[in-house]
Amino acid sequence: MSTSLVLTVLLAYFLLLILVGFVTTRKVNSEMFFTANRNSPWYLVAFGMIGTTLSGVTFISIPGEVGNTHWTYLTLVFGNCVGYIVIALVLLPLFYRQNLVSIYSWLGTRFGEKARLTGSFFFIVSQLVGASFRLFLVVGVLQLAFFDAIGVPFWLTVFITIAFVWIYTVRGGIKTIVWTDTLQTVFILISVGLTIVVVNKALDFNFSSAIAAIKESPLSRVFDFDWRSGQNTVKQFLAGVAITVCLNGLDQNMMQKNLTCRSLRDCKTNMFSFSFFILGDERVVFDAGSLALHICRKGRYRVTR
């Protein structure tokens with residue numbers, strides 16, 4: 001891929017995000033900034049949350065995990081789906097009943113001001129650390145693949161990326177994020193599809209032969225019932241439930257988007273739909289990873305160039 005093409009794609013993508021941010025900032029006020037006037041369509045929130053859950057970290061790390069633990073990680077995703085159902089049935093009614101803007105306000109009501117401040121503090125710290133790692137990974141890939149070739153230093157790449165993100169989110173708040181997350185999800189799913197197409201073409205596979213290669217591969221093993229194993233199915237499933245409830249159900253970044261839905265019913269529908277969406281997306285990423293690692297390790301198929 002040429003340098004000019006990569007630069008054009010990057011600029012077009014960021015300019016599109018800025019355009020969406022500009023459109024969604026019309027008649028914005030403080031309530032709209034934090035709650036989007038609780039008028040977000042549930043299907044838009046559900047679809048956009050896929051882009052929040054799946055990131056550059058997912059693309060790079062999860063296919064590699066197939067080589068370490070085969071497909072046993074998928075049972076963790078099954079647990080995630082159940083965790084989202086728990087959030088929809090237990091936590092969302094609680095948050096909606098109190099008409100919360102920040103879910104940590106509930107901690108203050110239930111346990112006192114110190115609990116609210118503690119929860120808010122750890123949320124901010126976790127977001128800073130998590131966002132920093134995700135930014136580092138994405139910018140690192142861009143730096144190696146493109147910006148090194150044109151002599152742009154790493155610190156400037158980071159600065160430019162943060163500046164673009166700040167520009168399209170600074171005025172619109174959560175409403176802008178709901179829409180830009182949806183846009184990002186579209187591009188993520190397109191990139192997954194293109195990746196699978198390119199890998200299949202390079203390996204002279206069609207759809208049926210690719211599925212057959214995955215089924216034949218020992219890397220496609222999903223269940224592990226050895227209780228001493230770290231990938232034990234029951235352990236993975238229960239961990240998936242607990243991780244989702246703790247990291248997503250008690251996370252302002254995720255819950256604030258849910259609280260922009262028009263009603264509790266819409267919010268529950270969003271969460272139920274999202275749980276199935278995310279399962280399908282994780283399976284797609286694993287399919288691509290399992291196929292690629294199977295080919296690389298076994299060397300059974302010729303890679304054409």
Side-chain angles (χ1 to χ4, degrees), residues 3 6-40 44-45 47-60 101-104 119-148 150-191 247-248 251-260:
T3 302
V6 173
L7 181 60
T8 301
V9 171
L10 288 175
L11 288 177
Y13 176 69
F14 277 115
L15 288 175
L16 183 57
L17 290 178
I18 292 172
L19 176 62
V20 172
F22 174 77
V23 172
T24 56
T25 56
R26 296 177 179 177
K27 299 180 181 180
V28 67
N29 52 38
S30 58
E31 182 178 357
M32 182 180 291
F33 187 91
F34 292 107
T35 68
N37 287 336
R38 302 193 187 278
N39 199 35
S40 299
L44 196 69
V45 178
F47 187 72
M49 285 172 60
I50 298 173
T52 304
T53 305
L54 301 180
S55 65
V57 178
T58 309
F59 272 67
I60 294 175
V101 175
S102 168
I103 63 173
Y104 303 112
S120 301
F121 171 77
F122 280 108
F123 165 72
I124 293 173
V125 171
S126 66
Q127 287 298 300
L128 285 173
V129 174
S132 298
F133 275 109
R134 288 188 290 270
L135 179 66
F136 176 79
L137 180 62
V138 172
V139 173
V141 172
L142 291 175
Q143 188 71 28
L144 292 173
F146 173 65
F147 287 108
D148 276 343
I150 61 175
V152 176
F154 180 77
W155 69 265
L156 184 56
T157 305
V158 173
F159 177 81
I160 294 173
T161 304
I162 294 176
F164 274 120
V165 172
W166 180 82
I167 289 171
Y168 76 76
T169 59
V170 65
R171 289 189 58 194
I174 191 65
K175 182 178 180 180
T176 298
I177 291 174
V178 168
W179 281 95
T180 54
D181 280 354
T182 301
L183 182 65
Q184 290 174 32
T185 300
V186 170
F187 285 110
I188 285 176
L189 297 182
I190 290 174
S191 65
L247 296 186
N248 292 325
D251 181 272
Q252 175 69 15
N253 185 38
M254 198 65 112
M255 286 299 99
Q256 188 173 8
K257 298 169 188 175
N258 286 277
L259 296 177
T260 66

Chemist: Work out which heavy atom in Ser120 is nearest to a heavy atom in Tyr104; give both atom names and the distance.
Modeler: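 Closest heavy-atom pair between Ser120 and Tyr104: OG-CB, 3.6 Å.
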Chemist: Only counting residues at least two apart or in another chain, list the ones meeting ring-ring contact (aromatic ring centres under 6.0 Å, His included) with Phe147.
Modeler: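 Testing Phe147 for ring-ring contact (aromatic ring centres under 6.0 Å, His included), a comparison that skips the adjacent residues, returns none.
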Chemist: Who passes ring-ring contact (aromatic ring centres under 6.0 Å, His included) against Phe121, sequence neighbours left out?
Modeler: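 None.
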Chemist: Of all residues at least two apart in sequence or in a different chain, which pass the ring-ring contact (aromatic ring centres under 6.0 Å, His included) check with Phe47?
Modeler: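 Checked Phe47 against ring-ring contact (aromatic ring centres under 6.0 Å, His included); zero matches.
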Chemist: Kindly compute the distance separating OG1 (Thr260) from CE (Met255), expressed to the nearest 0.5 Å.
Modeler: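 Reported to 0.5 Å precision, the distance equals 11.0 Å.
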Chemist: Of all residues at least two apart in sequence or in a different chain, which pass the side chain to side chain contact (heavy atoms under 4.5 Å, CB included) check with Leu135?
Modeler: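 Side chain to side chain contact (heavy atoms under 4.5 Å, CB included) list for Leu135, sorted by chain: Val139, Val158, Thr161, Ile162.
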Chemist: Looking at every non-hydrogen atom in both residues, tell me the closest pair between Ile103 and Gln252 and how far apart they are.
Modeler: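 So the two residues come closest at N-OE1, 2.8 Å.
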Chemist: Going by the rule side-chain hydrogen bond (donor to acceptor under 3.5 Å, both in side chains), which residues pair with Gln143 if we only count those two or more places apart in sequence or in a different chain?
Modeler: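 Here the qualifying residues are Asp148, Thr157.
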Chemist: Looking at residues at least two apart in the chain, or sitting in another chain, which of them share a side-chain hydrogen bond (donor to acceptor under 3.5 Å, both in side chains) with Thr180?
Modeler: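 Applying side-chain hydrogen bond (donor to acceptor under 3.5 Å, both in side chains) to Thr180 gives none.
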Chemist: How about Phe133 and Leu137: do any of their side-chain heavy atoms sit closer than 4.5 Å?
Modeler: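 Not in contact.
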Chemist: Restricting to ring-ring contact (aromatic ring centres under 6.0 Å, His included), what partner residues turn up for Phe159, sequence neighbours left out?
Modeler: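 Phe159 satisfies ring-ring contact (aromatic ring centres under 6.0 Å, His included) with no residue once adjacent residues are dropped.
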Chemist: Could you give the side-chain donor-acceptor pairs of residues 12-23 under 3.5 Å, partners two or more places apart or in another chain?
Modeler:
none

